[in-house]
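Please read the structure below before turning to the comments.
A note on names: the letters A, B, ... follow the listed sequences, proteins ahead of strands, and every chain is numbered from 1.
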Protein chains: 2
Amino acid sequence: MAINNTENINTWLSHLHEETKFSISVDCVIFGYDEAALKVLLMDCNMPPYEGKKSLIGDLLQKQETTDEAAKRILENRTLLTDLYLEQVNVYSNPFRHPLGRVITLAYYSLINIEDYENQIVDAENKQLEWKTLATIDDLAFDHLEIVKDAYARLQRTVREVPIGFSMLPKKFSLIQLQNFYETVLDIELDRRNFRRKLMALGLLIDLKEFQDNVAHRPAKLYSFDFEKYKQKKNIGTLNFEI
Amino acid sequence: MAINNTENINTWLSHLHEETKFSISVDCVIFGYDEAALKVLLMDCNMPPYEGKKSLIGDLLQKQETTDEAAKRILENRTLLTDLYLEQVNVYSNPFRHPLGRVITLAYYSLINIEDYENQIVDAENKQLEWKTLATIDDLAFDHLEIVKDAYARLQRTVREVPIGFSMLPKKFSLIQLQNFYETVLDIELDRRNFRRKLMALGLLIDLKEFQDNVAHRPAKLYSFDFEKYKQKKNIGTLNFEI
DNA sequence: CCAAAAGTGTTGCCTTTACACCCATGT
DNA sequence: ACATGGGTGTAAAGGCAACACTTTTGG
């Protein structure tokens, strides 16, 4: 057996062949959280053989854009929100994954605040889109169920190490809301006192000196996350954000 | 501003356009470890304007293969080794990243045992390939330096959580070799006694009752990693592999 | 017997866990 | 006054970090 030293994309190839060009799509797993559950924004698929199923929100990569730009474009078109958190998940390249022919997809996941979304979206024609509770998603068009599972696994890993969860929470939140959020996303139970101690010890929550209003119980203190301080600490290397 | 409900890859699109097809390459960051340093297998690039620089090992995605298959093919062609550890890193899609035109690349990283590689490769024509110590890599063709950095970051994260490091070590190793490996890859110092205690407590090392030979000091005990037991423990959920 | 690297235990500290009662508000 | 959920402290256990001397081999 010999080493293959024939033409190669990184060394000698003189031109690109049309036969080895592929359609590329970018699919976004858009996560939202609404006090009760972790949800994913899905749309109706009417492409045979997947009529009636839900699919992720995606589009073909266009000629002069990067995949990050494509993901941003898709998100902005569909949610009317900008500056969303965005992270690559994986490439899915089974040759038969798409009925129209070979379409290789790159999945991203994104986190949005459902409230912001609802505010933006209320007037727009948007019947196609629906928030579906992650736990109830068991069938999607294409290979999108696999993509959602992979994206969720990535989210679970990342949310413990990086304060991305705050993108899904209201700007002002109580510690109990925050705890519920982590319990839901990580699918674990947390001790209230221990959770509070840990979060306060991080020193990254701003005490807003505000309280809940019109609740039939002792109103909770509201906090916001100190992104500035987080950046500073991260740069100095003093930080261990770890839920 | 309205929601864009025009044709979409996941819902209504009727056919794929030639103008939005792209060449896709798969580039492999092949890591090896040889008792002294973490290295990457690189090849010479002679494509203008990168003549004289080193590049990753990659190739164009072919018509009927998945990206995983492409990565395997590339690795097997170049290293003559099969069953290598392989993990996706990221997609790089800057429209101007490749001088031949638009080539979108998907990077993988792979871990190989340099000894096995040397054994396979010794007779073959292989002047193009070279192991380069990671720490000395500061300039590569294309955007390959960025790719190597991203791959290394992924490796550092994964090697602490999953026992992938053993792919880079000899089948029989001493605890000190193992410690040196982690110190090198993670770029940290570890206490010898604490490291040993931790590893032994995992219960995943097989004591081979063998010793180093012909060393001018007390010979070290040799171990191998118990992959079977690891799988079992992982399936039962009893495991916390965490260096 | 010397050099060189392997091997081994103990202690203090910090982090994590477990756990139960009082507080503020609306009705 | 009661129902509801918010807020608080302490003790025990376990994990982690720091640290120095003895052992085995070849030369």
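- The ring-ring contact (aromatic ring centres under 6.0 Å, His included) test applied to Phe227(A) returns Phe225(A), not counting sequence neighbours.
- In this pair, Phe241(A) and Phe166(A) present their aromatic rings perpendicular. The plane angle is above 60°, beyond the 30 to 60° band.
- The CD-P distance, from Glu210(B) to dA6(C), rounds to 17 Å in whole Å.
- Considering only residues two or more places apart in sequence or on other chains, Lys54(B) meets the salt bridge (Lys or Arg N to Asp or Glu O under 4.0 Å) condition with Asp44(B), Glu130(B).
- Not counting sequence neighbours, the partners of Ser174(B) by the side-chain contact (heavy atoms from CB on, under 4.5 Å) test are Ile176(B), Gln177(B), Ala220(B), Leu222(B).
- Classified by interplanar angle (parallel below 30°, tilted 30° to 60°, perpendicular above 60°), the ring pair Tyr182(A)/Phe195(A) is tilted.
- Scored by the side-chain contact (heavy atoms from CB on, under 4.5 Å) test, Arg160(A) finds Leu186(A), Ile188(A) as partners (sequence neighbours excluded).
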Side-chain donor-acceptor contacts of residues 84-93 of chain A below 3.5 Å, not counting sequence neighbours, with atom names and distances?
residue	atom	partner	partner atom	Å
Tyr85(A)	OH	Glu87(A)	OE1	2.5
Glu87(A)	OE1	Tyr109(A)	OH	3.0
Gln88(A)	OE1	Val91(B)	N	2.9
Gln88(A)	NE2	Val91(B)	O	3.2
Tyr92(A)	OH	Asp150(A)	OD2	2.5
Ser93(A)	OG	Thr67(B)	N	2.8
Ser93(A)	OG	Thr67(B)	OG1	3.2

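- Under the side-chain contact (heavy atoms from CB on, under 4.5 Å) criterion, Thr136(A) pairs with Lys132(A), Thr133(A), sequence neighbours left out.
- Tyr223(B) places its OH atom 12 Å from the P atom of dA6(C), with the value rounded to the nearest Å.
- In this structure, the CD atom of Gln212(B) is 12 Å from the C1' atom of dA4(C), given to the nearest Å.
- With sequence neighbours excluded, no residue satisfies side-chain contact (heavy atoms from CB on, under 4.5 Å) with Asp213(B).
- The CD-C1' distance, from Glu189(A) to dT16(C), rounds to 17 Å in whole Å.
- When rounded to the nearest whole Å, the span between CZ of Phe211(B) and P of dA5(C) equals 19 Å.
- For the pair Arg218(A) CZ and dA24(C) C1', the computed distance is 6 Å after rounding to whole Å.
- A search for salt bridge (Lys or Arg N to Asp or Glu O under 4.0 Å) contacts involving Glu228(B) returns Lys231(B), not counting sequence neighbours.
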Please list every donor-acceptor pair under 3.5 Å in which a side-chain atom of residues 140-149 of chain A meets a protein atom from a residue at least two apart or in another chain.
residue	atom	partner	partner atom	Å
Asp143(A)	OD1	Arg97(A)	NE	3.3
Asp143(A)	OD1	Arg97(A)	NH2	2.9
Asp143(A)	OD2	Arg97(A)	NE	2.7
His144(A)	ND1	Leu56(A)	N	3.0

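- Contacts between residues 173-187 of chain A and DNA chain C, defined by a heavy-atom separation under 4.0 Å, are absent.
- Near DNA chain D, defined here as any heavy-atom distance below 4.0 Å, the residues from residues 191-198 of chain A are Arg192(A), Arg193(A), Arg196(A), Arg197(A), listed numerically.
- Whole-Å rounding puts the Met200(B) CE to dG9(C) P distance at 12 Å.
- The span of DNA chain D lying next to chain B, judged by atoms under 4.0 Å from heavy atoms, is bounded 5' to 3' by dA17(D) to dG26(D).
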